[in-house]
*Asks:* 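Please find one structure pasted underneath; my questions will follow.
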Amino acid sequence: MKSKIAAYTLSEILIVMIISTIVIGLAFMVLSLVQRNMWAIGENLNNTAELNRLEQSLWIDFNRYNNISFSVNEDKLLFLSPRDSISYYFNSEFITRAKDTFHFKHVEKLFFFDGKKIYKGKLDALKLELPKAYGNQQLFVFKSNDASQFMN
């Protein structure tokens, strides 16, 4: 008497392999999409953190220093007080402040004094417009003027 051994046929095994291949391929595609989205989220977080650091530095400096001026020739924002000074240098690739470097490319700068747009000299407000790569974000920093701002 012959006994049959329970086993799968070749066609059943091939079907299981094909289905497994499809499922594994879909899993790798989903993993790739998730990785790309996580990379984009991480990049966005880095840009936002960098912008927040720049904004915080500007707010502190705007409120700490009495005289703020912009030099077009040097592309430099200068903060002066009787005891100290600090400078921001604008480059097409980055902005530097002492030992800090803020990596923003092609930032548009608008300067204001007493509500009027200016191009050089004393200022009391600054508007930075970031390009599309940074989500067209804008940064506006200002300070209240005291009487010494209007004296020569």
*Asks:* Verify the neighbour count for atom OH of Tyr134: are there more than 12 heavy atoms of other residues, nucleotides or ligands below 6.0 Å?
*Replies:* yes
*Asks:* Please report the closest heavy-atom contact between Phe111 and Leu123, naming both atoms and the distance.
*Replies:* CD2-CD2, 3.8 Å
*Asks:* Distance under 6.0 Å and angle within 45° of the ring axis: does Lys109 meet both against Phe90?
*Replies:* yes
*Asks:* List the atom of Glu74, the atom of Tyr89, and the distance in Å for their closest heavy-atom pair.
*Replies:* O-CD2, 4.3 Å
*Asks:* With a 3.5 Å distance limit and no angle check, can you tell me whether Asn44 reaches the backbone of Ala40 through a side-chain donor-acceptor pair?
*Replies:*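 Checking the backbone N and O of Ala40 against the side chain of Asn44, no donor-acceptor pair under 3.5 Å is found.
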*Asks:* For Phe70 and Tyr119, work out which heavy atoms get closest and say how close.
*Replies:*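 In this case the closest contact between Phe70 and Tyr119 is CD2-O, 3.6 Å.
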*Asks:* Would you mind reporting whether Leu128 and Val141 have side-chain heavy atoms less than 4.5 Å apart?
*Replies:*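 The answer is no; the side chains never approach within 4.5 Å.
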*Asks:* Taking the six-membered ring for Trp, are Phe140 and Trp59 ring centroids under 6.0 Å apart?
*Replies:*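 Ring centres of Trp59 and Phe140 not closer than 6.0 Å.
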*Asks:* Lys116 versus Phe112: any side-chain heavy-atom pair under 4.5 Å?
*Replies:* no
*Asks:* Provide the closest heavy-atom pair for Lys120 versus Val72 in the form atom of the first, atom of the second, distance.
*Replies:* CB-CG2, 3.6 Å
*Asks:* More than 12 foreign heavy atoms under 6.0 Å from NZ of Lys117: is that the case here?
*Replies:*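 Open.
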*Asks:* State whether the side chain of Ser32 and the backbone N or O of Phe28 hold a donor-acceptor pair below 3.5 Å, judged by distance alone.
*Replies:* no
*Asks:* Would you please indicate yes or no on a ring centroid separation below 6.0 angstrom for Phe79 and Phe62?
*Replies:* yes
*Asks:* Hey, could you give me the CD/CD distance between Glu55 and Glu50, rounded to the nearest 0.5 Å?
*Replies:*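 Glu55 CD to Glu50 CD: 13.0 Å, rounded to 0.5 Å.
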*Asks:* Describe, in one word, how the ring planes of Phe102 and Tyr88 are oriented to each other, choosing from parallel (under 30°), tilted (30 to 60°) and perpendicular (over 60°).
*Replies:* parallel
*Asks:* Would Lys127 and Glu129 pass as an ion pair if we require N to O under 4.0 Å?
*Replies:*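 Yes, Lys127 and Glu129 are salt-bridged.
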*Asks:* Do Asn66 and Pro82 have side chains that approach each other closer than 4.5 Å (heavy atoms only, starting at C-beta)?
*Replies:*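 Side chain of Asn66 against side chain of Pro82, heavy atoms only: contact under 4.5 Å found.
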*Asks:* Would you say Glu12 has more than 12 foreign heavy atoms packed within less than 6.0 Å of its CD?
*Replies:* yes
*Asks:* Provide the closest heavy-atom pair for Ile68 versus Lys143 in the form atom of the first, atom of the second, distance.
*Replies:* CD1-CD, 3.7 Å
